[in-house]
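Beneath this line is the structure, given in structure tokens, with notes to follow.
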Amino acid sequence: MNQNDVPVIVIKDLSFSYDGHPVLEDVNLSIPKGDFVSVVGPNGGGKTTLLKLILGLLRPSRGQVQVFGVTPEEARSRIGYMPQHSQLDPQFPATVLDVALMGRLGHGRPFGRYSRKDKEIVWRALEQVGLHDLRKKAFSSISGGQRQRLFIARALACEPDLLLLDEPTANLDMVMEGDLYELLHTLNQWLTVVMVSHDLGFVSRVVKNVICVKRKVLMHATSEITGEIINEIYGSPMRMVRHNGEGSCNCFSS
Amino acid sequence: MLQFLTDLQHYTFLQNALLTGILASVACGIIGTYIVVRRISYIADGIAHTVLGGMGAALYLHKVYHWHGILPIHGALVSAIIAAIIIGLVSLRAKQREDTVISALWAVGMAVGIVFIARTPGYSEDLMGYLFGNILMVSSNDLWMLAGLDALIVALGLLFYNQFVAVCFDQEFARLRGINVEAFYLLLLGLAALTVVVLATVVGIVMVIALLTLPVGIAALYSSAVWRMMAISTILCAVFTTSGLALSYGPDYPAGATTIIIAGAAYLCTTTFKWALSRGRS
């Protein structure tokens, strides 16, 4: 089988429960190489849990997860991960460059300083997200939007083949959100992207597939998403705005 | 002050005291920074107070049962290791109970120490000595022990700097980059416990807590990198211990308590100044 034909993520008959409460049940998924997937669903529906199972930070109660055909632990060096930024200490004494360099850990020597090559890779990652000029700024002094981009740069510094992002658009205004999608769209040319989204503000031009998580997991092509599906996921009437490539938008309300 | 400078040239005990302050600054600057940025300074405080129990028990065995091989530092070491293991396991496995466990160890450790000290005959040993130490009575053995501690901390702290910083900043991401997060966290707790043990027997429990947190607290206001925070807090720590010693010497104030008051006043002034400055700007 050709390397390109192996799906990036395969999940088989997976269930996960936390303290006896089922969080995810009977999940079957296959995400092909080069896909751009948005993971949506209500709060507490299991979106972040699904991401952590793919990363191997949580172990499934039943079933299995394969990333690049191996276990998540074995695949970790090929995964770039951007966590929800709200968990981290905003006052931590580090520069933008310091934080991005953390993405190079585990690549070179087990101890000592970062190599010249590490610095070159981080340099490029910061350029890609447009933070290169701010590299000497303190982490505590940059804005929320810049912080999101910095965590993407840190994930890119891992030189990943798969990018996992947990709510990259949280706390961003419309303009910044647009810029971020533009960046992810560019990265998607050579990376597989899976992102958790806090709302349904996904852009169909960028996102190819949508995974709906509410204990059960369903995958839809972006073009198939309708108001009924949204209703089913969230269990309450909800308005969806879909942007088409031409800039027009279709609004469904129910 | 002048008296201090002339006596410094003649008396070994003063030279030792000065050197103790400077050597303590290196350990406190590096370990203090790691525990403050990892937000676990309360863990070091908990271990420091638990140590009193071990020191009291060792003293009791030494005096009452004439176990002459047992010194307070041995008791401190045993109790610090027990406290660090309990706190470490609780914080890795059952995060929500951490503060209760630390409070319990803190209170019980001190109570045990006080009972043992009270039941130990002779008035040469008193509680104040253990809490505030006496920097003027440091032996050359103590100095070597401090120098050894510094060498260990500097070597590990520099060699695994990137790993420690990554674990302190974002534990989950560090784990994904293949770093053994538990091992580094326990190593950090172990080094903090060791620093507390060595310094508690040399300069006293309260002094350790002050030196581990106050200089770092000031340095944090002016640092955008962990290594810079270490350097600034080490220098500040040396300034505080030296000035504490110099200012307390003439009027014969307790040196440890004077140092802590100077450090505390400096911390209060700098944070207030910073706060006023940021308010003035906005």
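Keep in mind that this is a model prediction, so the values were computed, not measured. By convention in this document, chain letters (A, B, ...) are assigned in the order of the sequence lines, proteins followed by strands, and residues within each chain are numbered from 1.
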Okay, B/V36 and chain A: the region with an atom under 4.5 Å from a heavy atom over there is neither

Note: A/I79 and B/R177 closest approach over all heavy atoms is O-NH1, 3.3 Å

When the 4.5 angstrom heavy-atom criterion is applied to A/Y81 and chain B, the contacting part is both

Interatomic distance, CG@A/D89 vs CZ@B/R39, rounded to 0.5 Å, equals 4.0 Å

Original post:
Checking side-chain contact (heavy atoms from CB on, under 4.5 Å) for the pair A/L55/B/L176: CA distance, chi angles, key distance, verdict?
Top reply: CA-CA 8 Å; A/L55 286 161; B/L176 292 173; 3.8 Å; yes

If one checks every heavy atom of A/L57 against chain B at 4.5 Å, the contacting part turns out to be side chain

Within residues 217-235 of chain B, contacts to chain A at heavy-atom distances under 4.5 Å involve B/S223, B/S224, B/A225, B/V226, B/M229

By side chain to side chain contact (heavy atoms under 4.5 Å, CB included), A/V23 pairs with (sequence neighbours left out) A/F16, A/Y18, A/T49

So do the side chains of A/K52 and B/E172 get within less than 4.5 Å of each other, counting heavy atoms only?
-> yes

Across all chains, not counting sequence neighbours, the side chain to side chain contact (heavy atoms under 4.5 Å, CB included) partners of B/L152 are B/L156, B/L191, B/L194

So, the part of A/Q91 with a heavy atom under 4.5 Å from chain B: the answer is side chain

| Is it true that atom NZ of B/K274 has more than 12 heavy atoms of other residues, nucleotides or ligands lying nearer than 6.0 Å? | yes

Requested in this report: Check whether any side-chain heavy atom of B/N162 sits under 4.5 Å from a side-chain heavy atom of A/M102, and report yes or no.
Outcome: no

The side-chain hydrogen bond (donor to acceptor under 3.5 Å, both in side chains) partners of A/E25 (sequence neighbours excluded) come to none

Aromatic centroids of A/F139 and B/F169 separated by under 6.0 Å:
yes

Looking only at A/G103, A/A155, A/G56, the option with the highest number of non-hydrogen pairs under 4.5 Å against chain B is A/G103

The interface call for B/I179 against chain A, heavy-atom contacts under 4.5 Å, is side chain

